[in-house]
Undergrad: 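First the structure, which I've put down as structure tokens, then a few questions once you've had a look.
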2 protein chains.
Amino acid sequence: MKNPKEAAHKATGHTQRGQCSKRLSILDAAAEVFCREGFAGASIDEIAAEACVSRQTIYNHYREKETLFTAVVEDVTNRTNSSLFSILATFPDKPDNLEDDLSTFALGLTKNCLCNQDGKFLRKLVQSEGERYPQLFEGWRKHGPGKIGTALAALFARLSYGGVLQIDDFDLAARQFLALVNADLQMITLFGETPSDEELENAARNAVRTFLRAYSAPVVNIAAPAPLAKAVG
Amino acid sequence: MKNPKEAAHKATGHTQRGQCSKRLSILDAAAEVFCREGFAGASIDEIAAEACVSRQTIYNHYREKETLFTAVVEDVTNRTNSSLFSILATFPDKPDNLEDDLSTFALGLTKNCLCNQDGKFLRKLVQSEGERYPQLFEGWRKHGPGKIGTALAALFARLSYGGVLQIDDFDLAARQFLALVNADLQMITLFGETPSDEELENAARNAVRTFLRAYSAPVVNIAAPAPLAKAVG
DNA sequence: GTCAAACTAGACACCATTGTCTAAAACGTC
DNA sequence: GACGTTTTAGACAATGGTGTCTAGTTTGAC
């Protein structure tokens with residue numbers, strides 16, 4: 001990193017007075033380094049340098065490396081959770097145009113939870129350190145992004161009962177929706193580059209289209225005679 | 001690990017004479033440890049213990065840790081590749097029952113490529129070390145499991161031209177197929193436990209069902225009068 | 001300006017790990 | 001059984017990271 005001071009400030013944009021600003025710098029830098037190097041590969045010195053803070057300051061705030069790590073995880077999880085809630089609130093309960101509305105929702109989900117820095121951090125860390133820190137995985141599932149699944153299932157259930165969708169297994173549908181949304185992204189997100197807005201929009205649209213082809217309720221076509229459906233089914 | 005000697009043999013089941021057996025033991029153990037601990041977290045001593053081999057033997061075969069790591073990656077990639085080819089050969093070109101046949105295919109894919117020890121290793125390592133070893137990611141994409149996508153796209157194209165499926169974008173369909181197959185598995189695979197055969201079968205079946213609802217060509221129903229389709233479309 | 005708290009820089013002991021080296025042991029072949 | 005190769009166990013220096021300590025500096029509040 002060429003200019004760590006700049007980077008640290010860029011990340012959060014805070015210029016509050018001392019103590020709080022330092023904490024945030026440390027958390028930001030630690031998230032970055034842990035994500036890039038993994039727990040074992042990350043060194044306190046590296047984090048200190050990236051946060052523009054002396055090593056001792058880190059030890060003052062967080063007794064040891066492990067403490068810092070869990071603090072970072074908690075911090076990122078909280079942030080992700082709150083943005084998750086606001087995204088879920090935009091789910092189209094009474095959709096005007098189902099495809100458009102669901103696509104917008106999916107886009108918000110990817111942009112703010114799945115595909116941003118925090119989302120990447122959690123995904124990578126749960127994957128790489130999940131075996132060594134089971135509580136990390138559990139936390140992700142119960143109190144973090146893992147909740148999206150069940151929340152989405154409930155929302156889809158409402159749409160299904162409303163006759164807009166035709167779903168047997170809501171949990172399954174929710175998992176598949178998320179899987180489809182991620183289908184195009186996994187490739188893009190895996191390495192460093194951030195996907196462009198256009199790529200994200202396409203990914204969301206593609207996912208929703210396929211999802212709807214699989215799960216939208218049969219259209220009661222105004223032109224077609226209804227009775228025939230019985231003979232076909 | 002309670003009984004490393006047993007574990008090492010269990011993994012490959014080889015009892016060849018000395019030198020070759022040692023190499024394999026080392027590769028097996030190294031894969032296991034690298035996968036569990038990541039590159040930085042894995043220690044040569046740990047690998048040596050798990051392979052029931054002295055540390056020096058490892059240094060004799062592979063000059064340094066990095067060499068060992070790339071050898072392991074290459075080994076696992078090759079193994080995965082060959083099983084991938086045999087699985088792709090089972091793709092239902094002339095499906096009898098499309099859902100059943102595709103489900104069987106999907107099951108083979110998950111069991112032998114995506115969900116087994118090798119698949120897990122590559123996925124984890126590409127994810128956690130991909131940023132530090134770009135050639136790892138490139139290798140995965142070009143010479144490893146990353147090829148599944150394009151191969152599947154070609155196979156789906158054949159089915160589509162044959163009128164069995166109705167697909168616009170073959171690459172997209174292939175990615176979505178894989179995403180759906182993984183939808184149920186990601187949860188299961190992430191932590192240690194190996195999914196049961198039943199879980200795998202269900203996952204495959206669920207994925208295929210949804211995929212076919214989205215992409216199967218409209219059925220020319222024997223009972224329904226064909227001409228009406230025009231009026232509806 | 002004073003004071004206490006927070007921060008810094010550097011030195012430090014401690015430990016784990018890498019990679020080398022050596023002498024002895026095991027192995028396979030003839 | 002003798003010979004060369006492979007393997008082993010252990011000692012070893014070098015390195016790099018953790019976490020502590022200290023003495024000096026900055027910072028903010030009053």
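Basis for what follows: all heavy atoms, side chains included, without hydrogens, waters or symmetry-related copies. Just so it is clear: chains get the letters A, B, ... in the order the sequence lines come, proteins before strands, and each one is counted from 1.
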Undergrad: List the residues meeting side-chain contact (heavy atoms from CB on, under 4.5 Å) with B:Ala157, not counting sequence neighbours, and say none if there are none.
TA: B:Tyr161, B:Phe170

Undergrad: For A:Arg205, run the salt bridge (Lys or Arg N to Asp or Glu O under 4.0 Å) check against A:Asp184, A:Asp100, A:Asp101 and tell me which one passes.
TA: A:Asp100

Undergrad: Among residues at least two apart in sequence or on other chains, which ones pass side-chain contact (heavy atoms from CB on, under 4.5 Å) with A:Asp45?
TA: A:Ser43, A:Arg55

Undergrad: Check the distance between D:dT18's P and A:Glu37's CD and give it to me in whole angstrom.
TA: 12 Å

Undergrad: For A:Tyr133, check ring-ring contact (aromatic ring centres under 6.0 Å, His included) against everything at least two apart and list the hits.
TA: A:Phe39, A:Phe69

Undergrad: Does NZ or CZ of B:Arg23 come closer than 6.0 Å to the centre of the six-membered ring of B:Tyr62, within 45° of the ring's axis?
TA: yes

Undergrad: Please list, chain by chain and in numerical order, all residues satisfying side-chain contact (heavy atoms from CB on, under 4.5 Å) with B:Gln56, sequence neighbours excluded.
TA: B:Ser54, B:Tyr59, B:Asn60

Undergrad: Just N and O in the side chain of B:His61: are any of them under 4.0 Å from OP1 or OP2 of D:dT7?
TA: yes

Undergrad: Rounded to the nearest angstrom, tell me the gap between atom CD in B:Glu66 and atom C1' in C:dT17.
TA: 15 Å

Undergrad: B:Leu68 has an atom CG; how far is it from atom C1' of C:dT18, in whole Å?
TA: 13 Å

Undergrad: Closest nucleotide of DNA chain D for B:Val53 versus for A:Arg63: which of these residues is on the 5' side?
TA: B:Val53

Undergrad: Side chain of B:Ser43: nearest nucleotide among C:dT17, C:dG19, D:dT18?
TA: C:dT17

Undergrad: For the pair made of CZ in B:Arg55 and C1' in D:dA13, what is the distance, rounded to whole Å?
TA: 13 Å

Undergrad: For A:Lys22 and D:dT27, is the shortest distance between a side-chain N/O and OP1 or OP2 below 4.0 Å?
TA: no

Undergrad: Can you identify which nucleotide, out of C:dT18, D:dT18, C:dT8, has its nearest atom closest to the B:Lys65 side chain?
TA: C:dT18

Undergrad: Determine to 10° how strongly the helix from C:dG1-D:dC30 to C:dC30-D:dG1 is bent, judged from the axes of its five-pair ends.
TA: 30°

Undergrad: Find the distance B:Ile26:CD1 to D:dT6:P and express it as a whole number of Å.
TA: 13 Å

Undergrad: Nearest-Å distance, CG (B:Asn60) to P (D:dT8)?
TA: 9 Å

Undergrad: Under the side-chain contact (heavy atoms from CB on, under 4.5 Å) rule, collect the residues that match up with A:Thr80, sequence neighbours excluded.
TA: A:Val76, A:Asp118, A:Leu122, A:Pro145

Undergrad: Compare the minimum distances between each of D:dG19, D:dT7, C:dT22 and the side chain of B:Gln56, then state the nucleotide with the smallest one.
TA: C:dT22

Undergrad: Can you figure out which of C:dA9, D:dT8, C:dT20 approaches the side chain of B:Thr57 most closely?
TA: D:dT8

Undergrad: Could you tell me how far apart B:Phe69 (CZ) and C:dG19 (P) are, to the nearest whole angstrom?
TA: 14 Å

Undergrad: Rounding to an integer number of Å, can you tell me how far A:Ile44 CD1 sits from D:dT20 P?
TA: 11 Å

Undergrad: Classify B:Ala42 by what it touches in the nucleic acid, base, sugar-phosphate, or nothing, heavy-atom distance under 4.0 Å.
TA: sugar-phosphate

Undergrad: I want to verify a distance call: between D:dT20, C:dT18, C:dC7, whose nearest atom is closest to the A:Tyr59 side chain?
TA: D:dT20

